[in-house]
**Student:** 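Take this structure, written in structure tokens, and hold onto it; I'll ask about it next.
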Amino acid sequence: MTQVRTRFAPSPTGMMHLGNARAGLFSWAYARHHGGQFILRIEDTDLERSTEAAIKVILDSMAWLGLDYDEGPIRQTARLDRYRAVLDEMLADGRAYKCYASREELEALREEQRARGLKPRYDGRWRPENAQGKAIPEGVKPVIRFRNPDNGDVSWTDLVKGEISISNTELDDLVIARADFVPTYNFAVVVDDLDMAITHVVRGDDHVNNTPRQINIYRALKAPVPQFAHLPTILGPDGEKLSKRHGAVSVMQYPADGYLPEALFNYLARLGWSHGDAEKFPREKFLEWFDLAQVSRSAAQFDQAKLAWLNHEYIKEADNDRLAGLVAPLIEALGGKLEGAPDLARVVALVKDRAHTLHDIANAALLFYANGKADPALLAQHVTDAVKPALATLREKLGAVAWEKPAIAAAVKETLTQHGLKMPQLAMPVRALVAGQTQTPSLDAVLELFGRERVLSALGTSL
RNA sequence: GUCCCCUUCGUCUAGAGGCCUAGGACAUUACCCUUUCACGGUAAGUACGCGGGUUCGAAUCCCGCAGGGGACGCCA
């Protein structure tokens with residue numbers, strides 16, 4: 001069997017959302033699983049709507065998710081000469097022809113067909129045999145249409161959906177080049193996939209209906225038809241299709257929201273694909289297991305909560321220095337000051353188990369980097385006259401003890417016994433005094449990280 | 001409207017005729033742990049869209065219906 005070659009071919013006309021990313025991920029994974037090649041192609045033939053900014057977002061998103069490509073990015077606009085050459089060949093022998101019907105004329109035709117309950121289709125009025133002797137209208141720049149076969153069926157075995165068959169009578173002569181000679185999607189995609197020797201076209205299932213038209217073009221070009229795999233749609237959290245105004249979020253929003261790339265990668269991989277009961281798996285396992293046959297055939301709804309759970313799982317096992325680097329700017333954005341404060345990697349190690357996003361880590365870590373001044377009401381509530389003697393005892397013990405968690409814990413315990421108190425009775429006021437809040441990780445760990453100097457001085461203010 | 005595709009717990013899914021009184025995960029609820037908030041642990045509830053077949057036996061095969069999605073552009 002020849003080398004597997006797949007591609008991801010987004011159009012830079014909007015944002016790169018999860019649906020696009022998932023299509024890229026599966027296409028990439030299929031190539032990698034088979035030791036093949038993966039090509040990135042930018043479908044920018046829609047000159048009106050394509051933007052450089054959108055191309056950058058595509059490249060950034062792929063880099064963040066770790067989807068590497070062997071060739072590209074190849075822009076369709078760089079290949080216009082090639083499309084024109086193919087167009088000329090097809091025009092020369094009647095596989096394609098010029099159509100002078102105006103947009104208004106076509107719109108009227110569609111209206112009329114719809115009114116009669118028919119599927120709107122071009123009626124072939126400028127096919128060579130129908131155009132005999134017909135006057136070419138003044139000032140109309142023609143489009144080029146593909147001469148679709150009139151009879152028979154087009155069928156293929158979709159690697160995800162199975163057998164699909166459509167009658168040629170359902171199809172019409174589609175426009176393959178606009179009046180300005182720029183090819184349309186259905187034509188450019190065929191020429192490209194052909195020239196780039198794509199063996200497996202893995203894409204969203206909104207293209208299922210385009211596939212028979214494309215197969216007809218492959219045949220007209222006497223070219224081998226690749227295998228097709230149509231991935232089910234990803235729906236938003238509300239079950240609606242992802243779209244700009246309906247909850248579609250750019251892939252690059254996820255790093256901004258504090259998600260790790262391995263978490264989104266894993267989530268996307270598992271959405272609409274499964275390998276037995278496997279839920280959490282590294283990319284190596286995914287590449288080893290991935291197969292189109294396990295892709296589900298129905299649309300899948302995005303679930304924020306499950307992504308958050310995976311992110312939590314990956315945060316727990318992530319390297320502390322790496323997390324510290326990611327979280328540092330977030331803490332500063334919250335007004336925290338990193339200089340002269342406890343080492344961030346150690347703080348991260350203490351708080352990351354409870355975090356679902358990097359922002360959760362930043363918020364939990366902030367107490368070590370804020371000014372630590374407690375609300376007077378909070379102090380009044382916890383630092384009562386009844387506990388002050390105990391606080392004094394604790395301060396004295398902590399002044400003498402080795403500054404390590406076990407010794408600090410022992411000092412706390414002794415103080416408790418000595419004053420006949422329960423843990424919360426002492427821990428709460430200490431937290432309020434030292435950290436400025438009563439919700440913190442375990443007391444001994446917090447005190448250790450704050451350092452003796454800060455702890456003694458904070459306890460001193462209460463006496 | 002016409003054509004194409006899809007349909008298992010709230011969500012993602014396992015399931016390819018008997019292993020299914022339908023399994024896992026997230027979420028939910030309860031309990032446990034506990035030094036607050038969490039984390040963690042244990043447990044529970046919840047699903048084969050509907051109707052007909054085929055078969056000794058159907059979530060699994062066939063037909064119909066309903067619902068959902070997609071396409072019908074000089075967008076991709």
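We name chains A, B, ... by the order of the sequence lines, and we start the count at 1 in each one.
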**Student:** Base, sugar-phosphate, or nothing for A:Pro10, non-hydrogen atoms under 4.0 angstrom?
**Tutor:** nothing
**Student:** Nearest whole angstrom, please: distance from the P of B:rC3 to the CZ of A:Arg110.
**Tutor:** 20 Å
**Student:** Can a side chain N or O of A:Ser296 be found less than 4.0 Å away from OP1 or OP2 on B:rU13?
**Tutor:** yes
**Student:** Can you tell me, in whole Å, how much space there is between the P of B:rG52 and that of B:rU42?
**Tutor:** 43 Å
**Student:** As a quick check of understanding, evaluate side-chain hydrogen bond (donor to acceptor under 3.5 Å, both in side chains) for A:Asp153 and A:Asn168, giving each step before the final call.
**Tutor:** CA-CA 5 Å; A:Asp153 294 331; A:Asn168 269 322; over 6 Å; no
**Student:** For the salt bridge (Lys or Arg N to Asp or Glu O under 4.0 Å) test, which of A:Arg121, A:Arg125, A:Lys98, A:Arg127 pairs with A:Asp173?
**Tutor:**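 Between A:Asp173 and the candidates, salt bridge (Lys or Arg N to Asp or Glu O under 4.0 Å) is satisfied uniquely by A:Arg127.
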**Student:** Could you pull out all residues at least two apart from A:Glu404 that satisfy salt bridge (Lys or Arg N to Asp or Glu O under 4.0 Å)?
**Tutor:** none
**Student:** What integer distance in Å separates A:Lys241:NZ from B:rG68:C1'?
**Tutor:**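 Roughly 14 Å, once rounded to whole Å.
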**Student:** Within 90° of 0 counts as syn, otherwise anti: where does B:rC63 fall?
**Tutor:**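 Judged by the O4'-C1' to base torsion, B:rC63 sits in anti, the angle falling more than 90° away from 0.
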**Student:** Could you work out which one of B:rC6, B:rC4, B:rA27 sits closest to the side chain of A:Arg297?
**Tutor:** B:rC6
**Student:** Given the C1' atoms of B:rU60 and B:rA14, what is the spacing between them in whole Å?
**Tutor:** 13 Å
**Student:** Give one of base, sugar-phosphate or nothing for A:Glu279, where a contact means two heavy atoms less than 4.0 Å apart.
**Tutor:**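 Base: the residue A:Glu279, judged by heavy atoms under 4.0 Å, touches a nucleobase.
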**Student:** Please state the P separation for the pair B:rG69 and B:rC26 - nearest whole angstrom.
**Tutor:** 30 Å
**Student:** Picking from A:Phe302, A:Tyr259, A:Tyr254, what satisfies ring pair (Phe, Tyr, Trp, His ring centres under 6.0 Å) with A:Tyr267?
**Tutor:**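 With A:Tyr267 as partner, A:Phe302, A:Tyr259, A:Tyr254 yield a single ring pair (Phe, Tyr, Trp, His ring centres under 6.0 Å), made by A:Phe302.
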**Student:** Using a heavy-atom cut-off of 4.0 Å across all strands, would you classify A:Leu271 as base, sugar-phosphate, or nothing?
**Tutor:** sugar-phosphate
**Student:** Among B:rC74, B:rC3, B:rC4, which nucleotide has an atom closest to any side-chain atom of A:Val208?
**Tutor:**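 Among B:rC74, B:rC3, B:rC4, the one nearest the side chain of A:Val208 is B:rC4.
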**Student:** For the CG atom of A:Asp44 and the OG1 atom of A:Thr13, what is their distance to the nearest 0.5 Å?
**Tutor:** 10.5 Å
**Student:** Where the side chain of A:His207 is defined as all heavy atoms beyond and including C-beta, which of B:rA76, B:rA27, B:rC5 is the nearest nucleotide?
**Tutor:**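 Between B:rA76, B:rA27, B:rC5, the one nearest the side chain of A:His207 would be B:rA76.
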**Student:** Heavy atoms from C-beta onward define the side chain here; which of B:rG69, B:rU35, B:rA14 lies closest to that of A:Ser274?
**Tutor:**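 It is B:rA14.
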**Student:** I want to verify a distance call: between B:rG23, B:rG73, B:rC74, whose nearest atom is closest to the A:Pro120 side chain?
**Tutor:**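 My answer, after comparing the listed nucleotides, is B:rG73.
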**Student:** Which one, B:rC3, B:rG10, B:rU35, comes nearest to the side chain of A:Asp303?
**Tutor:** B:rG10
**Student:** Given atom CG of A:Asn210 and atom P of B:rC4, what is their separation to the nearest angstrom?
**Tutor:** 16 Å
**Student:** Can you work out whether A:Glu313 or A:Thr440 has the more 5'-proximal nearest nucleotide on RNA chain B?
**Tutor:**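 By nearest-heavy-atom nucleotide position, the 5'-most residue is A:Thr440.
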**Student:** At under 4.0 Å between heavy atoms, what does A:Ala305 touch on the DNA or RNA strands: base, sugar-phosphate, or nothing?
**Tutor:** sugar-phosphate
**Student:** List the atom pairs, donor and acceptor, that lie under 3.5 Å between side-chain atoms in residues 286-297 of chain A and the rest of the protein, sequence neighbours left out.
**Tutor:**
residue: A:Glu288; atom: OE1; partner: A:Lys285; partner atom: NZ; Å: 3.3
residue: A:Trp289; atom: NE1; partner: A:His275; partner atom: NE2; Å: 3.4
residue: A:Asp291; atom: OD1; partner: A:Ala293; partner atom: N; Å: 3.4

**Student:** Can you tell which of B:rC74, B:rC12, B:rU2 lies closest to the side chain of A:Arg103?
**Tutor:**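 The nucleotide sitting nearest to the side chain is B:rC74.
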**Student:** Heavy atoms only, 4.0 Å cut-off, all strands: where does A:Ser298 land among base, sugar-phosphate and nothing?
**Tutor:**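 If one applies the 4.0 Å heavy-atom cut-off, A:Ser298 turns out to touch the sugar-phosphate alone, with no base involved.
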**Student:** Using the P atom in both, what is the distance from B:rC63 to B:rU46, to the nearest Å?
**Tutor:** 33 Å
**Student:** Between C1' on B:rA27 and CG on A:Leu307, what's the gap in Å once rounded to a whole number?
**Tutor:**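 Rounded to the whole Å, the gap is 14 Å.
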**Student:** From C-beta outward on A:Thr45, which listed nucleotide comes closest to its side chain: B:rG10, B:rC3, B:rA76?
**Tutor:**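 Comparing B:rG10, B:rC3, B:rA76 against the side chain of A:Thr45, the answer is B:rA76.
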**Student:** Side chain of A:Lys306 only, heavy atoms from C-beta on: which candidate in B:rA25, B:rU2, B:rA76 is closest?
**Tutor:** B:rA25
**Student:** Take the protein atom CH2 of A:Trp309 and the nucleotide atom P of B:rG24, then report the distance between them rounded to whole Å.
**Tutor:**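 For the pair A:Trp309 CH2 and B:rG24 P, the rounded distance is 14 Å.
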**Student:** I need the CG-P distance between A:Asn209 and B:rC3, as an integer number of Å.
**Tutor:** 13 Å
**Student:** Does B:rU35 have OP1 or OP2 sitting under 4.0 Å from an N or O in the side chain of A:Ser442?
**Tutor:**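 No, because none of the side-chain N or O atoms of A:Ser442 sits under 4.0 Å from OP1 or OP2 of B:rU35.
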**Student:** Hey, mind stepping through A:Arg203 and A:Thr211 against side-chain hydrogen bond (donor to acceptor under 3.5 Å, both in side chains) and telling me if it holds?
**Tutor:** CA-CA 11 Å; A:Arg203 76 225 306 190; A:Thr211 304; 3.2 Å; yes
**Student:** To the nearest angstrom, how far is A:His275 atom NE2 from B:rG15 atom P?
**Tutor:** 11 Å
**Student:** Using atom P of each nucleotide, how far apart are B:rC65 and B:rC4 to the nearest Å?
**Tutor:** 13 Å
**Student:** Does A:Lys316 place a side-chain N or O at less than 4.0 Å from the phosphate oxygens OP1/OP2 of B:rG40?
**Tutor:**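 Checking B:rG40 against A:Lys316, a side-chain N or O does come within under 4.0 Å of OP1 or OP2.
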**Student:** Would you kindly give the CG-to-P distance between A:Asp123 and B:rC72, to the nearest whole Å?
**Tutor:** 18 Å
**Student:** Identify which nucleotide among B:rA71, B:rU35, B:rA14 has an atom closest to any side-chain atom of A:Asp206, counting heavy atoms from C-beta outward.
**Tutor:** B:rA71
**Student:** Could you tell me whether the phosphate oxygens of B:rU13, OP1 or OP2, come under 4.0 Å of any side-chain nitrogen or oxygen in A:Arg270?
**Tutor:**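 No.
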